[in-house]
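Below is one structure; the comments refer to it alone.
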Protein chains: 2
Amino acid sequence: MPVEPLSRPRIVAAAIDLIEREGADAISMRRIAADLGVGVMSLYNHVPNKATLLDAVAETVLSGIEFTDDPDADWTDRVRMQARAFRQIAHHYPRCTMVVVSRQLQSPAGMLPVERALATLRSVGFDGEEAVRILRMFIAYIVGSLLREVGVTPTFAPVHHSQVDIEKVDPVLFPETRSLAVELGACDHEAEFEFGMELLIQAIAGRLAGRGR
Amino acid sequence: MPVEPLSRPRIVAAAIDLIEREGADAISMRRIAADLGVGVMSLYNHVPNKATLLDAVAETVLSGIEFTDDPDADWTDRVRMQARAFRQIAHHYPRCTMVVVSRQLQSPAGMLPVERALATLRSVGFDGEEAVRILRMFIAYIVGSLLREVGVTPTFAPVHHSQVDIEKVDPVLFPETRSLAVELGACDHEAEFEFGMELLIQAIAGRLAGRGR
DNA sequence: GCGTGGCACGTACGGTGTACGTCCGTCAAT
DNA sequence: ATTGACGGACGTACACCGTACGTGCCACGC
C-alpha cells in the first residue's frame, strides 16, 4: 500500500496537530516523525530545520483566518469583523497561538490581513501614515489580548481560574487588588475583547470626526 | 579567597545577563553555571528547576520598573506615566521582554503595577468592573506593543529594517501594502506607542465624560 | 569529639536538533 | 537493455540539554 508520500504540508499538519494535542513544549522533530510513522531525518528532506517548520506552522494557522469582508457595510462593522476574524485563530488553534504571535513572518499569509485592514482604513479617509499607525495599534491590542487568553491556559491546567489566591494578598499593601479580587479572578475573554475593541473603534471614529472639521 | 557564595539573586542576575548578551534561546543551566564559575548542579541548591528560574527572571525584571506616581497630577498624566514605566522594561532588558510577557506570574512584583493602575482608575471615578476592564485593555495594548518592538530584533540581526522586500509584493494583490511599503517598513516605536496610548486615553476619557451625564 | 545538615560537585540518563553517509527506487540517456 | 544520475527515506553519531542521584566537604550544636 503506497502510504501518502511525505510532504511539507503533511509535516506541517502533523506539527499543528501535535501542538494542539500536547502543547507547544511537547513538539520535537522526533515526535512529529513518529506521528507520521517516518524516520526523523526524512523530515529534513522537506523542511530545512525546526525554526522554519514553526514558521510554516504560523503561516498555515494564519492563512486559515476567514475574512468575510462586506464592502457595503459600515466601516466600523468591517473593522469589527476583521478583528474578530483574527481572534478566531485563538479558538481554532488555542495551543498554536503562542507560536504564531511569537514569530514575526514575512509572507503572503501574514500580509493579506494587513492589506485588507489598510484598504478598509484608507477607504474611510485615513491617509497612509494614519492607516498604518491605527493598524499597528489594533494588532498590538489583538496580540496582547490573545496572549492573555492563551496565557491563562498554558497547559489546560486544573481550572485555577483565579490568578491569585485571594487570601494571600495583603489588604494594606494591595487594597484595590484585594477588593477587586473577584473581578480580577474571573475573565470573560469574549466580553473583554469586545470591550477593548469598541473603545478602540470609538477612539479612531472620534479621530476621524475631528479630522473632518 | 572566599568568592561570593552562590545565591538565588546571583543566579537570577547571571541569567538576566546571559539573556541580554546572547538572547533568550542561548540560556541553559550549564551556561549560567559556567558564567558563575560553578558546577551545574550547584544551581539546584537554590532554584528548583529552570522554569521557576525563568519566573524569577521575569519577576526581577518586572520589579525593576520605576513608578513615580504623582497623585496631584492630572489622571491622564498618571496613566501615561504608568504605561511608559511599563514599557521601559523593553529598553532596559530588550531580550528579556519575551520571557516576561510569555510567563504569567502571581507575585507582588506583578501585582504592584496592577494595584497602582487600579487605584488611579478608581480615583477618577470608574467602578471596579470598569477599572479592571480598562486595565486589561491597557495591558493588552502594552504587551502587544512590546512584542512588536522586540520581535523586530529577535537576534539583533542585520538591520533588515523593512519587514518585507518591496520588490517582492505583488502590486495587484496587495496594492495598499505596496503603496504604503515605506510607512510599513519604518517604525518609530516610541512614536507608535505614544500614538496608541493617546488614543486609548482619549477613548476612556470619553467614556468617563459620557458616564457623568 | 561527634553527629548532622547544608552546599558544591561529578556522574549518568533520557531527551533534543541536525550533519553526514548509505541505501534504494525511479527515470533519462545511451 | 544497461547504465548513470538523482531524489528521498533512513540510521548513526555528535554536541548539547534538564535534572535525579550519590558523594564528599565543611561549619555548626551538642
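Labels below follow one simple rule: chain letters A, B, ... track the order of the sequence lines, proteins then strands, and each chain is numbered from 1. Keep in mind the model is a prediction, meaning the values are calculated, not measured.
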Rounded interatomic separation in angstrom, taking CG from A:Leu6 and C1' from D:dC10: 12 Å

Rounded distance in Å - CG (B:Leu43) to P (C:dA8): 9 Å

Whole-Å gap separating C1' (C:dG15) and CD (A:Glu22): 15 Å

For nucleotides 16-19 of chain C, tabulate all protein N/O to nucleotide N/O atom pairs closer than 3.5 Å, reporting atom names and distance.
from	atom 1	to	atom 2	distance (Å)
C:dT16	OP1	A:Ser28	OG	3.0
C:dG17	OP1	A:Met29	N	3.3
C:dG17	OP1	A:Lys50	NZ	2.9
C:dG17	OP2	A:Met29	N	3.0
C:dG17	N7	A:Arg30	NH1	2.6
C:dG17	O6	A:Arg30	NH2	3.1
C:dT18	OP2	A:Tyr44	OH	2.9
C:dT18	OP2	A:Lys50	N	2.9
C:dT18	O4	A:Arg30	NH2	3.3

Pairs involving residues 32-47 of chain A, ordered by first then second residue, that meet side-chain hydrogen bond (donor to acceptor under 3.5 Å, both in side chains) (sequence neighbours left out): A:Arg21-A:Asp35, A:Arg31-A:Asp35

Distance-only polar pair, side chains of B:Thr120 and B:Gln82, donor-acceptor under 3.5 Å: yes

Length of the CD1-P vector between B:Ile32 and D:dC16, whole Å: 16 Å

Contact under 4.0 Å: A:His46 side-chain N or O vs D:dA9 OP1/OP2: yes

Nearest-Å distance for atom pair CG/P, residues A:Asn45 and C:dC24: 17 Å

Pairwise side-chain contact, B:Ile32 with B:Val38, heavy-atom cut-off 4.5 Å (strictly under): no

Polar contact flag, side-chain donor to acceptor under 3.5 angstrom, A:Thr76-A:Arg80: yes

CD/B:Glu129: more than 12 non-hydrogen atoms of other groups inside 6.0 Å: no

Full working for salt bridge (Lys or Arg N to Asp or Glu O under 4.0 Å) between B:Arg87 and B:Glu190: CA-CA 10 Å; B:Arg87 193 180 90 97; B:Glu190 176 97 11; 2.7 Å; yes

4.5 Å side-chain heavy-atom contact, A:Phe138 and A:Ile201: yes

Mutual orientation of the aromatic rings belonging to A:Trp75 and A:Phe126 [parallel < 30°, tilted 30-60°, perpendicular > 60°]: perpendicular

Got a list of protein N/O to nucleotides 3-6 of chain C N/O distances below 3.5 Å?
none

Side-chain N or O of B:Ser42 closer than 4.0 Å to phosphate OP1/OP2 of C:dC9: yes

